Every structure is written in structure tokens, then in C-alpha cells.
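On a predicted model such as this, the values are computed, not experimentally measured, just so you know.
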Amino acid sequence: MARPQAAVAATLAAVAAAAAVLSSQLYRRRCRRLASRVRELEASLAAATEKAAAERRGRVRAQQSLRKALSEQELSSDEKKKLSKSPKSFPMASIGVVQSCFSTRNGTPRQPLVVPLARATVVLDPARVPAEALEGLADYSHCWILYVFHLNTDLDKMWNDPARSKLKAKVRVPRLKGGKMGVLATRSPHRPNPIGLSVAKVEAVDGHSILLSGVDLVDGTPVLDIKPYLPYSDSVKGAAIPNWLEVDGALAVESIHFSEHFISALSDCWMHVQKQSLYASADEFQDLVKEVLSWDIRSLSQRIRPHEVTIKDVTDNGRSKIDNGCNNDEDRQSVDSSTSVVYHLHLEGIDVSYRIDQDSNIVVENAALLSSAVNQHQYNYLTWREKVAIRPNPIAHSTLCPRPI
């Protein structure tokens, strides 16, 4: 009996060994097949990647050729020779528009962030910019806005008749009291290309819209691009500026006083504009007026010859023609019997009139509704209030918080 059992055990051992050998062979064969398949897929992926890169290079070459063909269309042979040596053009279109508290160029700050209460909504075109493109922007405190100086008086000549449009190499600088400086050493909007760059505080993001504060943008400004502000690279430690920019108070006013009549008139106006305004109350709007007027917003010619200014003059920062007309008439200068000029500032559908004496003391005299007081802006204070409230520390840092009463 012992011998048959030993034979069975030996047979089973032999079968197990054979099965192990067969399993090992099958495993190695499967590994070889899988490795071969992986190599095939890697080769296929590399070929597809190279094909995509080649297609992209082809598209870039085709776009460059198309731009060149379009720019050379209908040009004479001599003009084509000149064009071959001249800079190329790059077609661009705005991606959105600014809805600002500044309805005219007059009074719009010369630089960003100098008027913290200055607010605007950038409304992007959904057909060009999907809402997902704004994801993450609300996590930044500030952003850059690239835009077009669309109200420049020389744009038509620049675009419709470039041959007659000559670059003005030097421009008058407000801080130099009429002195000139090279245009590329200034922030003048009259540039080789009318492109503006401003930094602004990001208050909130809602769908295709962004609420900004500290803006120097006039209502209707076309926006070309938006980029986040990066302190570690955008802020340069030890950056130097010319001496003429270091003059303290060069454009600051001495004092601002609000008359009782203005406060009463503003209260009446506020009843009509508050539903369209980005401001919580008439008091906060008054704070905005004070911030705007704390910098002398008059043009150089207005400051030098305050009683000889006409509507033909343009402010030195290029943002505004003079809006000095009573009863919404922007083609007249308002002067009383003592030849004291009344200046007008248009904000949020309200005409704010004021006087300024030779010592830079301002008296804000009146507030009146503009004919365009009921604007078409779809965003107001109530629209943004809760959006701003969800950001970190909104009460301490948001400019949307009305001032304490």
C-alpha cells in the first residue's frame, strides 16, 4: 500500500511542477506581449504628438502668411517694399467693456489706485470669453487691465489715414507745468498705439463680470485683456523714478468744502440714481467726490488760464475734453459776473459743480441730475454687496463698505 501512495504523491508533485513551469512561461509570454503593446502605444503617441506639433506650426505659418497678405492687399509695388521693412500689424478685438462711475474723461484719475473709491464693472463678452476663464481671478487682490484709449481725439486719423498720423515725440506733463517730456517716458494716452495699462483692486467676480475699485477707466472703455497682479514680480524693490515725479503735492488741492446747498441737492439727486449706482449711500458718493477732487483734475490750460478755456482744449492726460457746461451743455464754459469759473464733474449720472480759487481751495456748490442719469448699467451696489461679502475680511478691506455714520 505504501508504494502506490508514494507513486501518487510523486505524480502530483510532477504535475504541480509542470503547472508551475507552464504558468511561468505563460506569465513571461504575457509580459512580453504587454511590453510590446506599450512600446506600440508609446510610438503611436509620439507620432500623434509630432503630427499635432507640425499641424500647429503649419497653422502659425498660415496665420502669419494671411496677416502679411491682408496687410499687402491693394498696395503698390513701392509700398510693398516699404512694408517689408516696416513693423507688422496684429488684429485685435476687445473682449469686454468697462461700466465706470466716470461718465466722461474729465475727472477720471490720471493714475490707478489714487482714488480708492473709484469703481467700475468689467463686463466680458460671453461669445469671446467663457465664464470658466475667470475661475481663480477672485483669489487675487489686484489685476492688470489692458485697454484701448478709445476717446483719443486722434484715433480716426491714426486708423483711417495712418500716412498722415505722425507720432508726437514729446508731450506736455501736468507735473512739469507745461514742460515737455518724451512720450514713452510718460503715461500719456497719445502713444504709438493707444493701449492703456492699469492696475485695479479685484472686489468680486460674478459670471462674466468683475467688480474693480481704484480704477482710472472711463465708462465704455474697450478691454483687451486681464492679467493677475503678482507682487513678487510686478513690484520692483528700489525702483527709481525721475526727480520731477517726486514733487509732493504738485497736483494736490489745499482744501475741499461742501456747501449746504450741495448736500441738500445731492440728497434729492440720490433718490433718482441710487438704484443704478455702485455706491451704498449719498454719504459714500460724497466721499468719492472728495477723493476725485483731492487731485486737481483741471487740464494744464485750465490751471494756467482759468478764465480763457474753451471746449476745444483737451486735458494733458488725454482723458477728457472740458465738461464745463451748465444744464448738460458741454459746449459752453460757465462763468459768473466776477469771472469765477464753475467747473463740472460728472459721476454716476450726477453733475457736480465746484469752484477753485488761486490757492487751490475748492468749494463744491451744487449737484444736479444729468439727462443720462438713468443709465443702462446692469450692475449696482445691491448686485455686488453679497458677492463681496464672501471674500476674506470683507468688512475690514472692501471699499464697498459704506463709511460709518
Side-chain angles (χ1 to χ4, degrees), residues 98-122 151 198 200 203 211-221 253 256-259 261-299 302 315 317 319-330 334 342-356 362-377 379-381 383-384 399-400 402-403:
V98 173
Q99 296 180 357
S100 171
C101 63
F102 301 105
S103 56
T104 64
R105 292 171 294 181
N106 185 41
T108 304
R110 290 184 172 92
Q111 302 296 343
L113 302 181
V114 297
V115 179
L117 275 174
R119 295 181 193 139
T121 301
V122 174
L151 297 182
S198 293
E203 294 285 356
L211 177 65
L212 304 174
S213 64
V215 301
D216 60 344
L217 306 171
V218 71
D219 191 60
T221 295
V253 301
I256 301 175
H257 174 72
F258 294 94
S259 68
H261 179 72
F262 167 79
I263 296 173
S264 175
L266 176 60
S267 179
D268 294 337
C269 293
W270 193 253
M271 296 174 59
H272 298 276
V273 303
Q274 60 181 340
K275 292 183 179 179
Q276 291 84 37
S277 177
L278 284 172
Y279 298 88
S281 64
D283 286 342
E284 192 184 28
F285 177 82
Q286 184 174 326
D287 288 343
L288 170 67
V289 174
K290 187 173 183 179
E291 284 188 1
V292 172
L293 294 182
S294 64
W295 298 85
D296 194 340
I297 64 175
R298 296 177 300 170
S299 68
Q302 283 179 304
T315 60
N317 68 349
R319 294 187 185 277
S320 66
K321 288 184 178 179
I322 299 166
D323 301 317
N324 285 328
C326 290
N327 299 322
N328 308 321
D329 181 2
E330 296 189 359
S334 176
V342 177
Y343 297 97
H344 291 255
L345 171 66
H346 295 174
L347 292 172
E348 295 287 89
I350 296 177
D351 176 12
V352 177
S353 57
Y354 68 97
R355 300 175 192 267
I356 180 168
I362 289 179
V363 176
V364 185
E365 296 184 336
N366 193 22
L369 283 176
L370 292 166
S371 58
S372 58
V374 181
N375 57 52
Q376 302 300 316
H377 295 175
Y379 293 89
N380 56 24
Y381 170 78
T383 305
W384 289 110
T399 63
L400 270 187
R403 71 176 188 176

Validation row: Ile350, Leu266 side chains within 4.5 angstrom (heavy atoms) = yes

Spell out, as yes or no, whether a donor-acceptor pair under 3.5 Å connects the side chain of Asn380 to the backbone of Lys275.
-> yes

Does the Ser100 side chain pair with the main chain of Leu217, one donor and one acceptor, at a distance under 3.5 Å?
-> yes

Distance, nearest 0.5 Å, that separates CH2 of Trp295 from CD of Gln111 | 9.0 Å

Contact check, side chains of Tyr343 and Ile297, non-hydrogen atoms, under 4.5 Å | no

Correct closest heavy-atom pair for Ala200 and Val215 would be CB-CG1, 4.1 Å

To the nearest 0.5 Å, tell me how far Phe102 CZ sits from Thr221 OG1.
-> 11.0 Å

CG on Leu211 to CD on Gln99, rounded to 0.5 Å | 11.0 Å

Closest approach of Ala265 and Ala367, non-hydrogen atoms and distance?
-> CB-O, 3.4 Å

Closest non-hydrogen atoms of Leu278 and Tyr379, given as atom of the first, atom of the second and distance, are CD2-O, 4.0 Å

Find the distance between CD (Glu348) and OG (Ser103) and round it off to the nearest 0.5 Å.
-> 8.5 Å

Side chains of His346 and Asn106, donor plus acceptor under 3.5 Å | no

Got a second to check how far Cys101's SG is from Leu288's CG, nearest 0.5 Å?
-> 5.0 Å

Ala280 and Trp270: which non-hydrogen atoms are nearest, and at how many Å?
-> C-CZ2, 4.3 Å

Do Leu369 and Cys269 touch side chain to side chain, with heavy atoms closer than 4.5 Å?
-> yes

Do the non-hydrogen side-chain atoms of Ile356 and Asp296 ever get within less than 4.5 Å of each other?
-> yes

Donor-acceptor under 3.5 Å (Ser259 side chain, Glu365 main chain) = yes

Which pair of heavy atoms, one from Val292 and one from Leu347, lies closest together, and at what distance?
-> CG2-CD1, 4.5 Å

Approximate separation, where rounding is to 0.5 Å, of Tyr279 OH and Gln286 CD = 13.5 Å

Compare all side-chain heavy atoms of Phe285 with those of Val273 and state whether any distance is below 4.5 angstrom.
-> no

For the pair Ser294 (side chain) and Glu291 (backbone), establish whether a donor and an acceptor sit closer than 3.5 Å, ignoring hydrogens and angles.
-> yes

Ser267 side chain to Ile263 main-chain N or O, any donor-acceptor pair under 3.5 Å?
-> no

